Amino acid sequence: MTMSIRFELDCLVIELPDVIDIGNEAAVRTELLHRIRTRPHSTTRIILDLTAPLATATAISVVLDAQQAAAERGLLLSVAATRRLAREPFRVTSADRRCPVYASLDEALFEGGNTA
């Protein structure tokens with residue numbers, strides 16, 4: 001599995017698949033953790049671009065694992081999710097307390113640097 005990556009401002013932006021479920025969980029997790037480990041050393045912020053219509057429990061689990069791996073390397077990781085049904089599960093499960101979730105990529109890019 002290959003996820004689209006790009007650089008915007010000082011951030012590595014990784015576009016997640018539309019669906020993260022039991023069928024692709026291992027591949028998505030492996031690819032995401034690889035991208036975090038091999039990111040350019042000048043990059044200190046990573047934004048996961050979640051374009052999916054909703055976030056599954058599996059997606060949240062993968063994101064939280066990625067957030068932990070990023071934090072262990074001193075990186076800030078956040079999620080940009082334009083759809084309410086993709087953001088809401090993070091709020092309901094309190095996952096947004098560990099990993100900031102923004103309503104747009106621009107919001108994550110410009111406000112995300114202020115998140116501790």
Side-chain angles (χ1 to χ4, degrees):
M1 164 166 289
T2 301
M3 290 180 260
S4 170
I5 65 164
R6 63 189 182 280
F7 289 93
E8 293 196 32
L9 300 178
D10 64 340
C11 299
L12 174 64
V13 178
I14 303 172
E15 188 173 324
L16 296 176
D18 280 345
V19 176
I20 301 174
D21 61 16
I22 196 165
N24 65 355
E25 173 185 12
V28 172
R29 181 178 276 112
T30 299
E31 176 76 13
L32 195 51
L33 295 178
H34 171 73
R35 294 294 182 179
I36 290 169
R37 283 192 304 271
T38 62
R39 96 255 169 243
H41 290 290
S42 61
T43 302
T44 59
R45 293 178 55 220
I46 299 172
I47 299 172
L48 303 181
D49 191 2
L50 181 60
T51 59
L54 60 96
T56 63
T58 303
I60 292 171
S61 173
V62 168
V63 167
L64 291 178
D65 284 352
Q67 189 281 329
Q68 181 175 342
E72 289 170 358
R73 291 164 176 77
L75 306 170
L76 294 174
L77 184 136
S78 58
V79 173
T82 56
R83 297 182 176 160
R84 186 185 63 77
L85 288 177
R87 290 188 308 274
E88 191 66 12
F90 285 90
R91 186 191 66 74
V92 169
T93 61
S94 298
D96 62 349
R97 292 184 183 176
R98 289 186 46 206
C99 182
V101 178
Y102 297 94
S104 72
L105 182 57
D106 283 346
E107 187 178 318
L109 285 168
F110 294 106
E111 294 180 22
N114 298 324
T115 302

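For clarity, every value in this text was computed on a predicted model and none was experimentally measured.
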Legend entry - Heavy-atom donor-acceptor pair, S104 side chain to E107 backbone, under 3.5 Å: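 Yes; at least one donor-acceptor contact below 3.5 Å.
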Inset, instruction - For T56 and I20, indicate whether the former's side chain and the latter's backbone hold a donor-acceptor pair under 3.5 Å. - result: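 Flag set: sc T56 to bb I20 pair under 3.5 Å.
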Going from [atom1] on [X] to [atom2] on [Y], what distance comes out if it is rounded to the nearest 0.5 angstrom?
X	Y	atom1	atom2	value
T30	N24	OG1	CG	11.0 Å
I14	L50	CD1	CG	12.5 Å
C99	D65	SG	CG	11.0 Å

How close do [X] and [Y] get, heavy atom to heavy atom, and via which atoms?
X	Y	result
R87	T82	NH1-O, 3.0 Å
R73	I36	CD-CG2, 4.0 Å
A86	A81	CB-CB, 4.0 Å
V28	P17	CG2-CG, 3.7 Å
S78	A108	OG-CB, 4.3 Å
P100	L77	CD-O, 3.5 Å

Inset, instruction - Apply side-chain contact (heavy atoms from CB on, under 4.5 Å) to L105 and E8, showing your working. - result: CA-CA 10 Å; L105 182 57; E8 293 196 32; 3.7 Å; yes
Does [X] share a hydrophobic cluster with [Y], counting links as ILVMFWY side-chain heavy atoms below 4.5 Å and allowing steps through other members?
X	Y	answer
V63	V19	no
V79	F7	yes
L48	I5	yes
L54	F90	no

Inset, instruction - Decide yes or no on side-chain contact (heavy atoms from CB on, under 4.5 Å) for R29 and E25, but give the supporting numbers first. - result: CA-CA 6 Å; R29 181 178 276 112; E25 173 185 12; 3.0 Å; yes
Inset, instruction - Start with the C-alpha gap between M3 and L32, add the side-chain angles, then the distance that decides, and say whether side-chain contact (heavy atoms from CB on, under 4.5 Å) holds. - result: CA-CA 8 Å; M3 290 180 260; L32 195 51; 4.0 Å; yes
Do [X] and [Y] touch side chain to side chain, with heavy atoms closer than 4.5 Å?
X	Y	value
L75	R39	yes
T51	L16	no
R98	L64	yes

Legend entry - R6 atom CZ, over 12 foreign heavy atoms within 6.0 Å: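 More than 12 heavy atoms, drawn from other residues, nucleotides or ligands, come within 6.0 Å of this atom.
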Legend entry - Worked check of side-chain contact (heavy atoms from CB on, under 4.5 Å) between I47 and Y102: CA-CA 10 Å; I47 299 172; Y102 297 94; over 6 Å; no
